[in-house]
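What follows is a short report on a single structure.
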Amino acid sequence: MTPTFALLPLCLAGTAALAAPVLDDAVRQRAEELTRTGMHASIVIAVIDGKDSAVYGFGSVHAGKSAKPGADTVYQIGSVTKTMTALLLADAVVDGKVKLDEPIATLLRGYTVPAFDGKMISLLDLATHYSSLPRLPDNFAPKDPANPYADYTAAKQRQFLAAYHLPRAPGTEFDYSNIGYAVLGTALAAQAGSSYEALLQKRIAVPLGMRSTSNKPTHGMLARLAPGHVLSGEPTPAWDLNVVAPAGGVYSSARDMISYLQAYMFKPLRPYALAIKPQRPLAPDSDTKIGLAWLLEQKQGHSYAWHSGQTGGYASYAAFTTDGKRGVMVLTNTARDVDALGLSALLPGTPLPPLKKPQAAIVVPRATLAEYVAEYVLEHSPGENFILTVSLGKQGLEAAGTGVGSAPLFASAKDQFFFRAIDAELAFTRDAAGKIISAVLKQGGQDVVLPRKQ
């Protein structure tokens with residue numbers, strides 16, 4: 001990639017080019033480096049300053065070609081979709097069609113919905129991740145790890161709700177849940193007598209002129225779609241999220257997302273204002289609050305709302321200051337998070353973390369690798385476990401988590417492994433006798449200890 005193709009500013013506000021918001025130098029340099037080194041296939045950063053906006057593109061939409069990404073390049077936005085589902089909830093509340101404290105059971109006629117000692121899950125519980133539903137349903141067993149949600153149907157969602165036992169009362173604890181947002185989208189669509197996609201178009205996309213935003217992309221959108229990539233750089237299909245679409249299935253463009261964020265930023269209509277109203281703390285001692293999907297924080301004297309997303313081949317970050325002065329949307333077609341890039345673009349001067357150098361793999365004899373083969377179990381609560389299964393395949397060790405497809409492991413040192421498909425590492429610990437007793441999953445700045453199943 002030559003410097004000629006590294007930067008594509010486009011002013012979207014119809015003002016003179018000199019009025020286009022400037023991208024912070026550190027962010028621009030980092031985006032150039034990320035695409036030049038192949039860590040990201042392409043990156044698009046939309047910046048909003050007041051009523052002005054600009055889009056900056058880096059890398060290439062198609063490998064080996066100089067097809068520069070821009071304002072109309074389409075990406076899958078992943079969990080930023082949740083903010084749209086939550087906005088549909090806010091819209092229904094403002095219209096008097098539902099209430100935030102309304103039990104979802106009243107909207108899901110014919111469903112058996114779990115409760116805890118008579119305490120029912122409300123719409124607010126789902127929208128704030130306080131429902132006590134798990135991150136993924138316990139009957140999630142994808143046939144194709146590269147497209148894991150494609151065979152998860154409405155019937156399976158219904159079966160999950162009927163059989164699941166809540167580990168705690170709804171409304172008591174934050175626990176991020178994709179299936180919770182799938183259920184929320186299903187409930188809102190049922191209330192409207194519509195499909196989720198039709199509701200999305202009628203209440204959000206069409207009113208805001210978002211012509212490249214859909215859970216079911218048109219042929220025109222697919223022609224502008226940036227093909228997805230896993231962390232190793234290999235291509236991967238965009239996920240078909242099926243009934244889980246309200247949690248992460250929407251496709252969009254930088255141009256559309258500017259319109260979307262500006263609707264929250266400038267004297268927002270009542271649904272938009274309700275969506276970013278603080279509802280609950282992220283944790284009892286946390287300053288971070290959650291509105292309807294949006295996370296609400298303060299930094300450098302600025303209050304801002306944000307949400308990020310990631311699917312098999314894409315990542316995204318959306319944020320705006322609640323005073324309406326600045327907003328940012330970052331889109332990439334590589335499954336590597338862009339949160340730090342987005343925050344630094346939103347609040348210039350926010351330090352970017354140092355780039356990690358790609359790890360080199362070492363060769364380990366198969367007999368040694370066989371020592372690690374086992375199940376490693378994290379018990380969240382009685383009857384609710386996460387199991388990491390380490391197995392030995394033709395090419396070496398592989399690891400598969402509950403509800404997640406298998407991914408190869410690569411050794412970096414004794415008892416130290418890393419993934420190339422996801423940004424995570426796996427370390428094994430031994431007792432005094434040298435026997436492996438646990439695995440430590442290192443991901444997202446957290447170390448999770450999983451004892452070995454005996």
**Message:** For T186 and Q157, which I'm curious about, is there any donor-acceptor pair between the side chains at under 3.5 Å?
**Reply:** yes
**Pairs flagged by side-chain hydrogen bond (donor to acceptor under 3.5 Å, both in side chains) wherever residues 214-223 is involved - sequence neighbours left out** = E197-S214
**Item:** Pair D339-S308, side-chain donor/acceptor within less than 3.5 Å
**Value:** yes
Solution key, residues 91-98 side-chain donor-acceptor pairs under 3.5 Å, sequence neighbours excluded:
from: D91; atom 1: OD1; to: R203; atom 2: NH2; distance (Å): 3.2
from: D91; atom 1: OD2; to: R203; atom 2: NE; distance (Å): 2.6
from: D91; atom 1: OD2; to: R203; atom 2: NH2; distance (Å): 3.0
from: D95; atom 1: OD2; to: R203; atom 2: NH2; distance (Å): 3.1

**Asked** Can you say whether the rings of W306 and Y317 are parallel (under 30°), tilted (30 to 60°) or perpendicular (over 60°)?
**Response** parallel
**Prompt:** Looking at R255 and D72, does any basic side-chain N land under 4.0 Å from a carboxylate oxygen?
**Reply:** yes
**Message:** Check for me whether the distance between the ring centres of W294 and F320 falls short of 6.0 Å.
**Reply:** yes
**Message:** Taking the cut-offs as 6.0 angstrom to the six-membered ring centre and 45 degrees off its axis, would you call R158 and Y111 a cation-pi pair?
**Reply:** yes
**Request:** Answer yes or no: is there a donor N or O on one side and an acceptor on the other, between the side chain of E102 and the main chain of K99, under 3.5 Å?
**Result:** yes
**Request:** Return yes if a side-chain donor-acceptor contact under 3.5 Å exists between H40 and T332, otherwise no.
**Result:** yes
**Request:** For the pair S344 (side chain) and A340 (backbone), establish whether a donor and an acceptor sit closer than 3.5 Å, ignoring hydrogens and angles.
**Result:** no
**Contacts of Y260 that satisfy side-chain hydrogen bond (donor to acceptor under 3.5 Å, both in side chains) - sequence neighbours left out** = T83, Y264
**Stepwise side chain to side chain contact (heavy atoms under 4.5 Å, CB included) check, Y196 with L199** = CA-CA 5 Å; Y196 176 78; L199 197 57; 5.6 Å; no
**Asked** Using the benzene-type ring in the case of Trp, are the ring centres of F140 and Y149 under 6.0 Å apart?
**Response** yes
**Message:** Suppose we screen for side chain to side chain contact (heavy atoms under 4.5 Å, CB included). Which residues come up paired with D117, at least two apart in sequence or across chains?
**Reply:** none
Going by atom type alone, with no hydrogens or angles, which donor-acceptor pairs under 3.5 Å involve a side-chain atom of residues 265-281 and a protein atom two or more places apart or on another chain?
from: R280; atom 1: NH1; to: D125; atom 2: OD1; distance (Å): 2.9
from: R280; atom 1: NH1; to: T128; atom 2: OG1; distance (Å): 3.0
from: R280; atom 1: NH2; to: D125; atom 2: OD1; distance (Å): 3.0

**Request:** For the pair N147 (side chain) and D240 (backbone), establish whether a donor and an acceptor sit closer than 3.5 Å, ignoring hydrogens and angles.
**Result:** yes
Result block: side-chain N/O donor-acceptor pairs under 3.5 angstrom for residues 282-293, not counting sequence neighbours:
from: S286; atom 1: OG; to: T288; atom 2: N; distance (Å): 3.0
from: T288; atom 1: OG1; to: E297; atom 2: OE1; distance (Å): 3.4

**Message:** Between F116 and H165, is the ring centroid distance below 6.0 Å?
**Reply:** no
**Request:** Check whether any side-chain heavy atom of T85 lies under 4.5 Å from a side-chain heavy atom of L200, and answer yes or no.
**Result:** no
